[in-house]
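Because only heavy atoms are used, hydrogens play no part in the values below, and waters and symmetry mates are left out as well, while side chains stay in.
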Amino acid sequence: MTDEMFFDDFSSTQLDWARSSTDISGYDYTNGMYSIHVKQPNYISWSELPVAFTPYEIEFDAMTPADNSGGSFGVLCN
């Protein structure tokens with residue numbers, strides 16, 4: 001096992017997470033955060049880590065918009 005860690009506070013775009021927008025979903029850096037906006041009901045969207053990394057332990061902070069009308073979020077591993 002390695003002691004290497006992957007950390008991103010999204011204060012810069014240096015790690016180059018996916019940035020795009022379609023009719024179904026959008027991905028971008030917004031106000032010091034990385035956001036995934038699912039625009040269509042009953043769809044799922046995700047973003048993959050922009051680096052090679054094998055997670056053994058995961059911690060993240062997430063929030064939904066104040067006007068959120070449903071949906072969920074989480075982490076997908078392997």
Handout entry: Tyr56 reachable from Leu76 in the ILVMFWY side-chain graph, under 4.5 Å edges
Key =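 No.
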
Handout entry: side chain to side chain contact (heavy atoms under 4.5 Å, CB included) partners of Pro65, counting only residues at least two apart
Key =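 Only Asp67, Asn68 meet the side chain to side chain contact (heavy atoms under 4.5 Å, CB included) criterion with Pro65.
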
Exercise for the section: Please name all residues satisfying side chain to side chain contact (heavy atoms under 4.5 Å, CB included) with Ala62, sequence neighbours left out, ordered by chain then number. Expected result: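 Side chain to side chain contact (heavy atoms under 4.5 Å, CB included) check on Ala62 returns Phe60, Phe73.
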
Practice task
For residues 22-33, pull every pair meeting salt bridge (charged side-chain N to carboxylate O under 4.0 Å, His left out), keeping only residues two or more places apart or in separate chains.
Solution key: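 Qualifying pairs: Arg19-Asp28.
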
Practice task
Flag yes if more than 12 heavy atoms outside Gln14 fall under 6.0 Å of its CD atom; otherwise flag no.
Solution key: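 No, the 6.0 Å shell around CD holds no more than 12 heavy atoms from other groups.
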
For [X], enumerate each residue passing the side-chain hydrogen bond (donor to acceptor under 3.5 Å, both in side chains) test, keeping only those at least two apart in sequence or located in another chain.
| X | value |
| --- | --- |
| Ser21 | Lys39 |
| Asp9 | Ser11 |
| Thr13 | none |

Problem - pair Tyr29-Trp17: side-chain heavy atoms closer than 4.5 Å - result: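 Tyr29 reaches Trp17 side chain to side chain.
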
Handout entry: Side chains of Leu15 and Pro50 in contact at under 4.5 Å (non-hydrogen atoms)
Key =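 Side-chain contact under 4.5 Å: yes.
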
Problem - Residues that, via side-chain heavy atoms closer than 4.5 angstrom, fall in one hydrophobic cluster with Met33 - result: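 Cluster partners of Met33: Met63.
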
Under 3.5 Å, which donor-acceptor pairs do the side chains of residues 42-49 form with other protein atoms, sequence neighbours left out?
residue : atom : partner : partner atom : Å
Ser45   : OG   : Ser25   : OG           : 3.2
Ser47   : OG   : Tyr34   : OH           : 3.1

Problem - Those residues that, when tested against Asp8, pass salt bridge (Lys or Arg N to Asp or Glu O under 4.0 Å) (two or more places apart) - result: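 If we apply the salt bridge (Lys or Arg N to Asp or Glu O under 4.0 Å) test to Asp8, skipping adjacent residues, there are no hits.
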
